[in-house]
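The structure under discussion appears below in the form of structure tokens.
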Amino acid sequence: VQLQASGGGLVQPGGSLRLSCAASGSIFSIRLMGWYRQAPGKQRELVATVTSGGTTNYADSVKGRFTISRDNAKNTVLLQMNSLKPEDTAVYYCYCYANYDYWGQGTLVTVSS
């Protein structure tokens, strides 16, 4: 499975961004897709995941602000990020589980005035 992420950038606090990740390859085996992030000097952490059946899971720090969605027909997962805070600044990584863990390249999100 290959994952191609896009959508990062610079945004002011309170702003919004949308991340997109397209999967290709052995997509029939994908069970879970989602996003993790890693801030400078910190460990990679879960942001949100969504199963092939649509069940979602969010980190407490993003609940109510971020929304993950999945288009199974397009093999794409989206992360809509609203009310962004400086502490959301990180490299965001697309992830999927398809019998193994797969990671996309990171996309940098910077929240700063």
Side-chain angles (χ1 to χ4, degrees):
V1 177
Q2 296 79 44
L3 300 172
Q4 181 67 44
S6 61
L10 173 65
V11 64
Q12 291 186 342
S16 298
L17 277 177
R18 189 175 75 166
L19 304 182
S20 177
C21 178
S24 60
S26 300
I27 57 176
F28 59 89
S29 59
I30 295 176
R31 298 293 178 263
L32 183 76
M33 296 187 75
W35 295 89
Y36 283 69
R37 67 187 181 186
Q38 187 167 17
K42 295 187 176 182
Q43 291 187 333
R44 191 172 297 189
E45 63 177 7
L46 168 76
V47 177
T49 59
V50 57
T51 69
S52 56
T55 300
T56 57
N57 181 46
Y58 294 92
D60 287 343
S61 60
V62 307
K63 284 181 180 177
R65 301 188 297 122
F66 291 10
T67 301
I68 191 168
S69 60
R70 181 171 171 176
D71 186 334
N72 288 329
K74 296 181 179 179
N75 306 307
T76 299
V77 63
L78 302 175
L79 184 68
Q80 178 66 41
M81 304 185 293
N82 298 327
S83 302
L84 282 160
K85 305 175 181 179
E87 51 264 43
D88 294 317
T89 294
V91 177
Y92 284 69
Y93 295 92
C94 181
Y95 163 84
C96 81
Y97 178 75
N99 299 319
Y100 298 96
D101 293 330
Y102 293 90
W103 296 93
Q105 88 285 6
T107 184
L108 178 62
V109 172
T110 303
V111 185
S112 175
S113 55

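In this text, all values refer to a predicted model and were calculated from it rather than measured experimentally.
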Can you name the nearest heavy-atom pair linking [X] to [Y], along with the distance?
X	Y	value
Pro13	Pro86	CG-CG, 4.2 Å
Asn72	Arg70	OD1-NE, 2.8 Å
Ser20	Thr76	OG-CG2, 3.6 Å
Ser16	Ser83	OG-N, 4.4 Å
Ala48	Tyr58	CB-CD2, 3.6 Å
Val62	Val47	CG2-O, 3.6 Å

Check: [X] side chain, [Y] main-chain N or O, donor-acceptor pair, under 3.5 Å:
X	Y	answer
Thr107	Gly8	yes
Gln105	Ala5	yes
Thr89	Val111	yes

Within residues 27-47 or reaching into it, pairs that qualify as salt bridge (Lys or Arg N to Asp or Glu O under 4.0 Å) - sequence neighbours excluded:
Arg37-Glu45, Arg37-Asp88
Contact between Met33 and Asn75 at the side-chain level, heavy atoms closer than 4.5 Å - yes or no?
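No, too far: nothing below the 4.5 Å cut-off.
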Count the heavy atoms belonging to other residues, nucleotides or ligands that lie under 6.0 Å from CD of Glu87, then report whether that count exceeds 12.
yes
What's the separation between atom [atom1] in [X] and atom [atom2] in [Y], rounded to the nearest 0.5 Å?
X	Y	atom1	atom2	value
Met81	Ile68	CE	CD1	11.5 Å
Thr110	Leu10	OG1	CG	6.0 Å
Trp35	Leu19	CH2	CG	4.5 Å

Hphob cluster co-occupancy, Tyr100 + Leu3, side-chain heavy atoms under 4.5 angstrom:
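In one cluster: yes.
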Let me check something: do Leu78 and Leu17 share a hydrophobic cluster, defined by ILVMFWY side-chain heavy atoms less than 4.5 Å apart, either directly or through other members?
no
Is Leu46 isolated, or which residues cluster with it under the ILVMFWY side-chain rule of less than 4.5 Å, directly or via members?
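Answer for Leu46: Leu32, Tyr36, Val91, Tyr93, Tyr95, Tyr97, Trp103, Leu108.
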Taking disulfide (SG to SG under 2.5 Å) as the cut-off, I'd like each qualifying pair that reaches into residues 68-105, sequence neighbours left out, listed once.
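Applying disulfide (SG to SG under 2.5 Å) to every pair that reaches into residues 68-105, excluding sequence neighbours, yields Cys21-Cys94.
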